[in-house]
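Position 1 is the first residue of the sequence, and the numbers go up from there. Side chains are part of it too, since the values below use all heavy atoms of this structure and drop only hydrogens, waters and symmetry mates.
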Amino acid sequence: MVTSSVVNTYPLSSYTFGTKEPKMEKDTSVVDRLARMKVNYMKEGVRTSVEAILLVQEHNHPHILLLQIGNTFCKLPGGRLKPGENEIEGLKRKLTSKIGANSPALVPDWQIGECVAIWWRPNFETIMYPYCPPHITKPKECKKLFLVHLSEKEYFAVPKNLKLLAVPLFELYDNVQRYGPVISTIPQQLSRFQFNMITT
């Protein structure tokens with residue numbers, strides 16, 4: 001795990017983007033997703049998910065890499081941990097599965113940094129909070145966001161049915177309508193870090 005208050009960000013142009021086989025969503029709607037979450041909760045208890053904040057820079061400003069599904073929905077790369085799985089190892093597994101190449105030689109050496117935010121889902125609903133409400137004794141999901149330090153050159157393989165977007169912090173800031181509460185508050189969570197903009 002890398003802990004540093006300085007984050008090196010490299011130009012988007014120094015990364016290579018390829019494609020791989022489509023990665024289909026397990027659910028076709030939010031209702032289906034919440035229903036599946038309920039079934040899994042009955043079997044495994046609270047769902048623990050981990051997501052990555054991957055930073056690049058364009059025009060001397062930090063951008064976050066987001067996966068876009070369809071024309072509107074964006075999400076951070078990551079996903080649900082297996083029961084008992086280590087958070088760091090689980091996030092590396094999820095990143096490789098979502099945007100890593102099929103060839104092990106091309107998969108980035110994911111440098112997982114610190115956890116910058118923890119979100120809680122009190123019920124089987126879409127709403128999440130950056131704290132667990134005091135009256136909730138059995139939350140349904142705990143989601144942790146980790147800063148991931150990228151090397152200067154990496155290869156990302158994006159599933160053919162998804163897009164990988166580089167979205168500037170100023171676009172995310174306070175934009176709950178477009179990105180939801182988790183992603184739109186990332187700029188505040190990153191404000192304590194110093195960005196070292198490296199131009200190659």
| Salt bridge check: are E51 and K144 linked by an N-O gap of less than 4.0 Å? | no
| query | Between Q68 and N71, is there a donor-acceptor pair closer than 3.5 Å when you use the side chain of the first and the backbone of the second? | reply | yes
| Do side-chain atoms of K138 reach the backbone of N123 as a donor and acceptor pair under 3.5 angstrom? | no
| request: Kindly indicate whether the side chain of K92, heavy atoms from C-beta on, has any atom under 4.5 Å from the side chain of I112. | output: yes
| said: Quick check: do T9 and V56 have side-chain heavy atoms less than 4.5 Å from each other? | reply: no
Quick one: side chains of residues 160-167, donor-acceptor pairs under 3.5 Å with protein atoms, not counting sequence neighbours, listed by atom name and distance.
residue: N161; atom: OD1; partner: K23; partner atom: N; Å: 2.9
residue: N161; atom: ND2; partner: K23; partner atom: O; Å: 2.9

| query | Above 12 or not: heavy atoms from other molecules or residues under 6.0 Å from CZ of F124? | reply | yes
| note | Closest non-hydrogen atoms of C142 and W120, given as atom of the first, atom of the second and distance, are CB-CZ3, 3.6 Å
| request: For T48 and L81, indicate whether the former's side chain and the latter's backbone hold a donor-acceptor pair under 3.5 Å. | output: no
| remark: Residues P77 and L91: closest non-hydrogen pair is O-CD1, 4.5 Å
| query | Looking only at heavy atoms, what is the nearest atom pair of V50 and F146, with distance? | reply | CG1-CE1, 3.8 Å
| Within one Ile-Leu-Val-Met-Phe-Trp-Tyr cluster: V158 and L12, side-chain cutoff 4.5 Å | yes
| message | Would the distance check show the side chain of R121 and the main-chain N or O of E125 forming a donor-acceptor pair, the cut-off being under 3.5 Å? | response | yes
| query | Could you state the interatomic distance from CD (E87) to CD (E89), rounded to the nearest 0.5 Å? | reply | 11.5 Å
| field | side-chain contact (heavy atoms from CB on, under 4.5 Å) partners for V107, two or more places apart | value | T96, W110
| message | Quick check: closest heavy atoms across F195 and L55, and the distance to 0.1 Å? | response | CE2-CD1, 3.6 Å
| message | Using side-chain heavy atoms (C-beta onward) and a distance below 4.5 Å, is S5 in contact with Q194? | response | no
| message | Tell me whether the rings of F170 and H61 are parallel (<30°), tilted (30 to 60°) or perpendicular (>60°). | response | tilted
| message | side-chain hydrogen bond (donor to acceptor under 3.5 Å, both in side chains), that's the test. Do Y179 and E171 meet it? Break it down for me. | response | CA-CA 10 Å; Y179 296 102; E171 161 76 15; 3.1 Å; yes
| query | Atom CG of L65 and atom CG of L150: how far apart are they, to the nearest 0.5 Å? | reply | 7.0 Å
| request: For ring pair (Phe, Tyr, Trp, His ring centres under 6.0 Å), just list the numbers for F156 and Y15, CA-CA rounded to whole Å, side-chain angles, deciding distance to a tenth of an Å, and then say yes or no. | output: CA-CA 8 Å; F156 299 111; Y15 297 103; 5.8 Å; yes
| query | So do V7 and H149 actually touch side chain to side chain, heavy atoms under 4.5 Å? | reply | yes
| Can you check whether L172 reaches L66 side chain to side chain, under 4.5 Å on heavy atoms? | yes
| query | Do M37 and E141 come within less than 4.5 Å of each other through their side chains, counting heavy atoms only? | reply | yes
| Pair E152-N8, side-chain hydrogen bond (donor to acceptor under 3.5 Å, both in side chains): steps then yes or no | CA-CA 9 Å; E152 184 181 347; N8 289 336; over 6 Å; no
| Step by step, would you call V148 with I53 a side chain to side chain contact (heavy atoms under 4.5 Å, CB included)? | CA-CA 6 Å; V148 176; I53 298 172; over 6 Å; no
| query | Are M197 and L190 grouped together when hydrophobic residues (ILVMFWY) are joined by side-chain heavy atoms under 4.5 angstrom apart? | reply | yes
| Any side-chain donor-acceptor pair under 3.5 Å between N175 and Q177? | no
| note | Between the CZ atom in R36 and the NZ atom in K38, the distance rounded to the nearest 0.5 Å is 15.0 Å
| query | Just by distance, do the side chain of S184 and the backbone of G180 share a donor-acceptor pair under 3.5 Å? | reply | yes
| Can you check whether F193 reaches V116 side chain to side chain, under 4.5 Å on heavy atoms? | yes
| said: Can you give me the closest heavy-atom contact between L76 and I64, atom names plus distance? | reply: CD2-CG2, 4.0 Å
| said: Can you tell whether the side chains of R192 and E114 come within less than 4.0 Å, N to carboxylate O? | reply: yes
| query | Hey, any chance I136 and V46 share a hydrophobic cluster, counting ILVMFWY side chains that come within less than 4.5 Å of each other, even indirectly? | reply | no
| field | Atom pair NZ/OG of K20 and S97 - distance to nearest 0.5 Å | value | 6.0 Å
| query | Sub-3.5 Å donor-acceptor pair from the side chain of E154 to the main-chain atoms of T16, do we have one? | reply | no
| message | Quick check against the 3.5 Å criterion: does T185 have a side-chain atom that pairs as donor or acceptor with the backbone of P181? | response | yes
| task | Determine whether P133 and P122 make a side-chain contact, defined as any pair of heavy atoms from C-beta on separated by less than 4.5 Å. | result | yes
| Do L34 and F73 belong to the same hydrophobic cluster, where Ile, Leu, Val, Met, Phe, Trp and Tyr are linked whenever their side-chain heavy atoms lie under 4.5 Å apart, directly or via other members? | no
| field | Gap between atom CG of D109 and atom OG of S151 - 0.5 Å precision | value | 6.5 Å
| remark: In terms of heavy-atom contacts, H63 and P168 come closest through CD2-N, 3.4 Å
| V176 and M128: same hydrophobic cluster, using ILVMFWY side-chain contacts below 4.5 Å? | no
| query | Between R80 and E44, is there a salt bridge with N-O shorter than 4.0 Å? | reply | yes
| note | Taken to the nearest 0.5 Å, the spacing of K98 NZ from R93 CZ works out to 9.5 Å
